[in-house]
2 protein chains.
Amino acid sequence: MGNRPTIADIAKRVGVSPGAVSFALNGRPGVSEQTRARIVEVAREMNWRPHRAARALGGSQAGAVGLVLARDPHTLGSEQFYTQVLYGMQETLSARSFAVQMQLVRDTTAEIALYRDWSSEHRVDGLVLVDLQVDDPRLTVIDELNIPAVTLGPRLDGALPSVWADDSEAMITIVDYLAALGHRHIAHVAGPPVYRHTAQRMAALRDHAISRGLDVGVSVPTDFSDAQGAAATRTLLSRRDPPSAIIYDSDLMAAAGLGVALELGVRVPHELSIVSFDDSVLTRIVHPQLTCLSRDTYALGAQVAEVLLKAIADPSARQSVQSETPKLVVRGSTARAATQR
Amino acid sequence: MGNRPTIADIAKRVGVSPGAVSFALNGRPGVSEQTRARIVEVAREMNWRPHRAARALGGSQAGAVGLVLARDPHTLGSEQFYTQVLYGMQETLSARSFAVQMQLVRDTTAEIALYRDWSSEHRVDGLVLVDLQVDDPRLTVIDELNIPAVTLGPRLDGALPSVWADDSEAMITIVDYLAALGHRHIAHVAGPPVYRHTAQRMAALRDHAISRGLDVGVSVPTDFSDAQGAAATRTLLSRRDPPSAIIYDSDLMAAAGLGVALELGVRVPHELSIVSFDDSVLTRIVHPQLTCLSRDTYALGAQVAEVLLKAIADPSARQSVQSETPKLVVRGSTARAATQR
DNA sequence: GTCGGCTTCTAAACCGCTATAGCTCTTGGG
DNA sequence: CCCAAGAGCTATAGCGGTTTAGAAGCCGAC
């Protein structure tokens, strides 16, 4: 309810027209340097801040970008990954006084509905799409809504600018590392195969295992929950021919898998090596600590923000930048494969 | 860039004035039921959505509430708690087409600066304050900005409406439970004592231990990080007279503490019982699973949203509601105290 | 038949800022 | 000395809603 000063108040104080004040405060030509200095000074004195809605109404921007996470409420909240990305985005965006409209929804349908709402209400100037699916219904909608957007995930040779990582290469890094330790039978507890990055990892494991002459690399799909991660592990370990190493698509599932191994009396890392595709505190509080792929998620968020801002400024320029490839951090959960039983 | 229909377009189609359309669509008197029906129908047909900025400018609301989490970037992202609260808030708020402006910042100073920005830019209609401090500088600012706000945390007999939980009672529940198991020496790995809830828990442990005739209940303050949680545990366990039970203010620290116990060869729960003040997946993926206080955080978020909406609608009515008291969920990390050594 | 009062609607101002057209004054060229 | 060009400003029209004052039509009452 505070009586915020408006541009008109400043104009009155300085003795110029509101238009002049607008010019001055937005750093555009039309006022002398002298007048500009005076206006800027008074504006600061009066503690003036632009009224977002008024600006947005003047045909221009809402000053916000949207990020929607579609998650089963139960699986929710464990992802340090997106929290960090969000943090990186916010630090970059708030410097340009953009806000991030983040919302958690149940599924992709709700996500799409939200995009439509936000777009028609002019709530956001751009969107960040994460968790790309193999045949992603969101892409059509984005196209239809004609709103700037950037994808975060695997490479997407299509319409949208993106910040992408090479999931195949990441998988190959892990497989090579495990192969060098003598592992020949490597399994993979994957996410849902509808996700592009999951599909890519599965394919990479299969292909690379073949080309390196290893046993066929089996991927078990899950819903990313700790329960299914545990179940998948149980299944794999009770096979006649259990793997000597398991790669997990998330650190939560890796931790759950570790628990199952302990429970079954399978010693980690001596009898089973575990690698997680994600890094977070979780990998460091379990015992043994988990070997995993790690990357600077904060920087990733900042990168996403940059690309999105460019896309907003110039929707025709659709650049794609590659993000830093995750690096393998070796901890206690991996070791040389036990000699063949 | 989509050419969204405006109220004027609808007015033209129906053959009435824009004002009438506004009345009709906002369900206020001034139009006949017949006309209203026609207008609503055409609006739906044309897929009309209010332009947020225009609404906000017309003197009324921004249609958003703010939630800021002040966190050290390193400690960040493990809190399933706030993610769930956020989810509960969003489900309730989006039904009334309010958005949640969530932002992560480094510290309270940045948080306050953000409140000022949001308020002066008219970005939010209300705020949710979490992590209340003993002498909280935010309260003055909220008062000064004269913006509706609700606090989430311990009871606060002051100006602001709140959704509060009784941390003392929660602590007493735990202590009673442990005492019944025969534990006489109970320690507490706390958060930073600047937080009211931490201070309250510390006081409750101390007082209640005395009144129940137990050994003095020591609280070790930390910064909520896994590292300090581990360090505190190490300190406690290497005392001449180690506690037989430790209560942790967060599940992350509890998990870290569990790791330390294992490492030191202290068997959980036989030689050491562990209780966490928070519940999340984390408590279920470690071994043994952690006994903890659990509550419906989703419902809590919904409750916060309700109270905030009421405060926005009528800033003079400052109600406070008590949230459900957390319930103790017994899992594998607690057991009868070993007989005195 | 006139008047008050109700319902139902219109016209117009307004929210705070941006953007454009145009006005005034100076300056320099021919 | 006049005109064109440019700098520096003002006036004004939006943006898409909300909100108020008031007009028109209809009713019943006196």
Side-chain angles (χ1 to χ4, degrees), chain A residues 1-40 42-43 46-64 97 117-123 125, chain B residues 1-40 42-43 46-64 97 117-123 125:
Chain A
M1 210 115 295
N3 256 5
R4 318 174 326 98
T6 71
I7 265 193
D9 298 330
I10 299 177
K12 213 171 293 170
R13 265 279 279 282
V14 179
V16 293
S17 73
V21 176
S22 176
F23 289 147
L25 294 173
N26 291 306
R28 58 178 65 210
V31 284
S32 66
E33 276 316 312
Q34 211 175 358
T35 315
R36 181 189 307 276
R38 176 100 188 88
I39 290 172
V40 168
V42 171
M46 300 179 75
N47 201 24
W48 175 87
R49 280 326 207 64
H51 191 303
R52 269 282 138 204
R55 266 208 177 150
L57 195 51
S60 57
Q61 297 177 340
S97 79
D117 283 3
W118 281 354
S119 166
S120 59
E121 292 187 354
H122 271 153
R123 266 217 147 105
D125 301 313
Chain B
M1 212 117 291
N3 257 7
R4 317 173 328 96
T6 73
I7 265 194
D9 297 330
I10 300 178
K12 212 171 294 171
R13 265 279 279 281
V14 179
V16 294
S17 73
V21 176
S22 176
F23 289 148
L25 294 173
N26 291 306
R28 58 176 65 209
V31 284
S32 66
E33 277 316 311
Q34 209 174 0
T35 316
R36 181 190 306 277
R38 175 98 188 89
I39 289 173
V40 169
V42 170
M46 300 180 76
N47 201 23
W48 176 85
R49 280 328 206 60
H51 191 302
R52 269 283 139 204
R55 266 207 176 149
L57 193 50
S60 58
Q61 298 177 338
S97 79
D117 283 4
W118 281 354
S119 166
S120 58
E121 292 186 353
H122 271 156
R123 265 215 146 106
D125 302 313

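Being a predicted model, the structure only gives us computed values, none of them experimental. Each chain gets a letter, A, B and so on, in the order its sequence line appears, and its residues count up from 1.
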Practice problem: Could you state the atom-to-atom distance from NE2 of His51(B) to C1' of dG14(D) in whole Å? | Solution: 13 Å

Self-check item: Leu25(B) CG to dG16(D) P, straight-line distance once rounded to whole Å
Solution: 16 Å

Quiz item: Could you give the CD1-to-C1' distance, from Ile7(A) to dT10(D), as a whole number of Å?
Solution: 15 Å

Exercise. Evaluate the side-chain proximity of Ile7(B) to Trp48(B): yes if any heavy-atom separation is below 4.5 Å, no if none is.
Key: yes

Exercise. Give me the residues of residues 26-35 of chain B where at least one heavy atom lies under 4.0 Å from an atom of DNA chain C, by number, or none.
Key: Gly30(B), Val31(B), Ser32(B), Thr35(B)

Exercise. Please examine the side chains of Val16(A) and Ile10(A), heavy atoms only from C-beta on, and report whether any two atoms are closer than 4.5 Å.
Key: no

Practice problem: Please report, rounded to the nearest Å, how far the C1' atom of dG17(D) is from the CZ atom of Arg49(B). | Solution: 15 Å

Quiz prompt | Rounded interatomic separation in angstrom, taking CD from Gln61(A) and C1' from dC17(C) | solution = 14 Å

Exercise. Could you check Arg55(A) against Asn26(A) for side chain to side chain contact (heavy atoms under 4.5 Å, CB included), going step by step and ending with a plain yes or no?
Key: CA-CA 12 Å; Arg55(A) 266 208 177 150; Asn26(A) 291 306; 3.0 Å; yes

Quiz prompt | Passing option when His122(A) is tested against Arg4(B), Arg52(B), Arg49(B) for side-chain contact (heavy atoms from CB on, under 4.5 Å) | solution = Arg4(B)

Quiz item: Does Ser17(B) put a side-chain nitrogen or oxygen below 4.0 Å from OP1 or OP2 of dC9(C)?
Solution: no

Quiz item: Which of the following nucleotides, dT18(C), dG16(D), dT18(D), is nearest to the side chain of Arg55(A)?
Solution: dT18(C)

Practice problem: Give the intermediate values and the outcome of side chain to side chain contact (heavy atoms under 4.5 Å, CB included) for residues Val21(A) and Val14(A). | Solution: CA-CA 9 Å; Val21(A) 176; Val14(A) 179; 5.8 Å; no

Self-check item: Proximal nucleotide (of dC17(C), dT19(D), dT10(D)) relative to the Val16(A) side chain
Solution: dT10(D)

Self-check item: Nearest-Å distance for atom pair CZ/C1', residues Arg38(B) and dC9(C)
Solution: 17 Å

Quiz item: Are any of the side-chain heavy atoms of His51(B) and Thr6(B) separated by less than 4.5 Å?
Solution: no

Practice problem: Have a look at Arg52(A) and say if it touches a base, only the backbone sugar-phosphate, or nothing, with a 4.0 Å heavy-atom cut-off. | Solution: nothing

Self-check item: Short side-chain to backbone donor-acceptor contact, Asp125(A) and Gln61(A), under 3.5 Å
Solution: no

Quiz item: Between dT10(C) atom C1' and Lys12(B) atom NZ, what is the distance in whole Å?
Solution: 16 Å

Exercise. Report yes if at least one side-chain N or O of Thr6(B) is closer than 4.0 Å to OP1 or OP2 of dG16(D); otherwise report no.
Key: no

Quiz item: In whole angstroms, how far is the P atom of dA13(D) from the CG atom of Leu57(A)?
Solution: 17 Å

Exercise. Hey, which sits more toward the 5' end of DNA chain D by its nearest nucleotide, Trp48(B) or Phe23(B)?
Key: Trp48(B)

